[in-house]
Amino acid sequence: MKRVLALGIYLCDREHLAESIVAELARSRDWQVEQRWIALGTSPVPPALAAVTVEQVAGPIPKFALLNRLLRGVDLGGVDHLLVTDDDIALPAGFLDRYLALVERYRFALAQPARTHDSFVDHGFVEQLDGLEARQTRYVETGPLFSLQRAAFPVLTPFDETPPMGWGLDFTWPVALERAGLRLGLIDATPVSHSLRRPAAYYDQATTLAGMEVYLASHPHLGRAEAFTIVEPFPAAP
Amino acid sequence: MTGSQPLLSVVVLGGDRAEALRPLLESLCRQTLARAAFELVLVDDGVTGDLARLCDDFAGRLPLVRSPQRPAGRVAARLHGFYRARGQAILQLEPDDEAPPGLLQAHHDFHLARGERLAGLVGPLQPTPGLLADRAALARWRADPLQAAAASPRPEGPVDLRACWGARWSFQRALVVELHGSHQGHLTGGHDLELAVRLRDEGLSLEFSEAATCWSGGDPGLEVARRRMFDLGVAGARLQAARRKWRLPPWLGLPPGWHLLAPLARLGPGPRGALLGGLLDGLAQGRR
């Protein structure tokens, strides 16, 4: 059975959906799923998450620094897909099996599920496009959930921690992946709901934005208009 | 955008029948603009008939990108087309339009010269030569208040989008793919109107030019046209409810105090009265 390593961070001092995410991922029939989560905050780790929580961190640490901590010492040799998730999304039933089947069918080295129409979105491009099953794109956002296929591990991991909270990575990733001959895309058939809280609700957006501008100034990247492009659409079945 | 990409993307939603697209495709073959300078993105959202064959017929003559999706409504198809387009600027045409030979050149040259994020170009909408020969169909076409407004002569230069949003206008792709953004889920069904409202709010600066004249050949019949006006009325009323400060009448070609004149307008003769009646019924429905 193929292996998936799921990495997640939950804010244990805030309302979150980590328990339902962990349970849904564990229900996969087609994949052997290992989960590694970090609890961010000082409240006790919920019992349902104790088995998958590998560390608790009190202070504010940027997301991609935490993800690199979760990856440290992990042998990715036998892992087929790396899945990275935030704690504030609702996954549809049977999510992982359907999602990864489509990721593999369309050979996306970097992918993410589209967002439901009622989700908070910073870029409408990631919202579900009705009528499509998936689309090869030049943009995949850094959250709330994305996945890397094995071929993308050496290109994108360990994650670049330069931009605060990862802002801007989503505009440099396509350049790196396309140079490596890899594809990225969105899966419209398995949209996730991102409506528990607004993105970036718990950190300073102005500082993060300024950091992103500095980061992009020194890294090859796409502009928004170039990134928000459908390279090839894959229609949903009638 | 790289140098190998066209500057202008013409986006067309496939419509109902493949063969109905043939006049438009033929007219696009006769453009003065070089083929390398534009692309045609044809969103196939369930077009009936042999669209594959039609596309094959034009494969060597047009830079045609057929982009398929399951039928999911005009909003989804439109967004699909915008995101699929590679051009710096987008011109939307309807499947029953025909393009005079200079249409694409006019839009291309405008955006080549201006290139600003908020720049847009619009020309008058005129009946196709075929429609001009059919008096009854022409009367129905002219009865549509949006088409009548779009056909009105006006001076070259800046124009208020409210007066001509039913015409064919082009805009920068960057503006629309960033703007559609987080609002997609709130589209009401009056997406043509809502897109226009949003682009105007964003500061779209529209220029009018006779050189950008487009021909429209749509004659759906009175009942379908009336239904479209009804839907537009519903959408307009919902938009108004969502945007309290938004002024509805100028966008729909209605005079001040239109609600007082409504009973009289319905009694107007011929198709004009029928279409206005449909619009007013839709507005009433949308307000409920």
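In this text the structure is predicted, and so the values were computed from the model without any measurement. All chains are named by letter (A, B, ...) in the order of the sequence lines, taking the proteins before the strands, and each is independently numbered beginning at 1.
Residues passing the ring-ring contact (aromatic ring centres under 6.0 Å, His included) test with F171(B), sequence neighbours excluded: F82(B), W169(B). Residues forming a ring-ring contact (aromatic ring centres under 6.0 Å, His included) with F64(A) (at least two apart in sequence, or on another chain): F159(A).
Screening V103(A), D170(A), L182(A), V140(A) against L110(A) for a side-chain contact (heavy atoms from CB on, under 4.5 Å) leaves a single residue, V140(A).
Annotation: residues 50-60 of chain B contacts chain A through no residue [non-hydrogen atoms, separation under 4.5 Å].
Neither the backbone nor the side chain of P71(B) comes within contact range of chain A, judged by heavy atoms closer than 4.5 Å.
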* side-chain hydrogen bond (donor to acceptor under 3.5 Å, both in side chains) between R247(B) and Q240(B), worked out -> CA-CA 7 Å; R247(B) 290 186 62 244; Q240(B) 174 79 79; over 6 Å; no
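The two atoms that bring V43(B) and H80(B) nearest to each other are CG1-ND1, 4.0 Å, heavy atoms only.
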In a table with atom names and distances, give each donor-acceptor pair under 3.5 Å that connects a side chain of residues 231-238 of chain A to protein atoms at least two apart or in another chain.
none

